[in-house]
Amino acid sequence: MHVALTGASGFIGSRIAHELHKEGHTVTALVRETSQREHIQPYIQKFVVGNQDDHSAWNDLLDGADCIIHNSVDWQSLKAGDHEAHYQSNLLGTLQLMHKALPRQFVFISTIAVHHDMRPRWNGVI
């Protein structure tokens, strides 16, 4: 299977890329211009440079892909508290990428569930 993977250079994405490669799958990775790539180079068939909401990168990312694993997040907008940028990049960008990926299977990894502890005082509300 050929998998398109966003967030491939990060902690979780790099493990996903490694495991996919180990199982015999090929991977096209979406990485930012500033992303370190050396640690995943052996596991990636093709790198596509762009952000997760970069529509111009999506055709190359999805070319030949059987499915997509969406694992990236725009942390800068969250750290800056810029809710509009967060909405545009993370929410709207994800929904648009999901639509573009049709009819492929789309696996979305929720970064809040992966990176953060759900505190009891939150009562299940993020």
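Worth saying up front: this structure is predicted, and the values here are computed from it rather than measured.
The main-chain N or O of V31 is never found under 3.5 Å from a side-chain atom of S9 such that the two would form a donor-acceptor pair. One N or O on the side chain of N71 and one on the backbone of G7 form a donor-acceptor pair closer than 3.5 Å. No donor-acceptor pair closer than 3.5 Å links the side chain of H86 to the backbone N or O of G81. A distance-only check finds a donor-acceptor pair linking the side chain of S14 to the backbone of G10 [under 3.5 Å]. Between the side chain of D82 and the main chain of S77, no donor-acceptor pair closer than 3.5 Å is present. A donor-acceptor distance shorter than 3.5 angstrom exists from the side chain of D74 to the backbone of Q76, with no hydrogens or angles considered.
The minimum heavy-atom distance linking A65 with R104 is given by the pair O-NE, 3.0 Å. Residues L30 and A57 approach most closely at CD1-CB, 4.0 Å, considering heavy atoms. The two atoms that bring F106 and I68 nearest to each other are CD1-CG2, 3.1 Å, heavy atoms only. When all heavy atoms are compared, the tightest approach of L62 to A4 is CD2-CB, 4.2 Å.
In summary, the side chains of Q52 and N90 do present a donor paired with an acceptor at a separation below 3.5 Å, with no hydrogens or angles considered.
Between H21 and Y43, the ring planes lie tilted relative to each other; the angle falls in the 30° to 60° range.
Side chains of L20 and T26 form no contact here, defined as non-hydrogen atoms less than 4.5 Å apart. Between I44 and R37, every side-chain heavy-atom pair lies at or beyond the 4.5 Å cut-off. In this structure, H2 and Q45 have side chains that are in contact, with non-hydrogen atoms separated by less than 4.5 Å. Looking at heavy atoms from C-beta onward, M1 lies in side-chain contact with V3 at the 4.5 angstrom threshold. For the pair T94/H70, a side-chain contact is recorded, criterion being any heavy-atom separation below 4.5 Å from C-beta on.
Take Q41 and apply the side-chain contact (heavy atoms from CB on, under 4.5 Å) test, not counting sequence neighbours, and it matches F47.
When the options L5, T28, D54 are evaluated for a side chain to side chain contact (heavy atoms under 4.5 Å, CB included) with L61, the one that passes is T28. Screening I69, V27, I40 for a side chain to side chain contact (heavy atoms under 4.5 Å, CB included) involving I16 leaves a single residue, I69.
At a threshold of 4.5 Å between side-chain heavy atoms, the hydrophobic network of Ile, Leu, Val, Met, Phe, Trp and Tyr places F11 and V107 in one connected group.
The CG atom of L97 sits 10.5 Å away from atom CZ of F108, with the distance rounded to the nearest 0.5 Å. Within the model, atoms NE2 of H25 and SG of C67 stand 8.5 Å from one another, a figure rounded to the nearest 0.5 Å.
In the displayed structure, Q36 atom CD is contacted under 6.0 Å by at most 12 heavy atoms of other residues, nucleotides or ligands.
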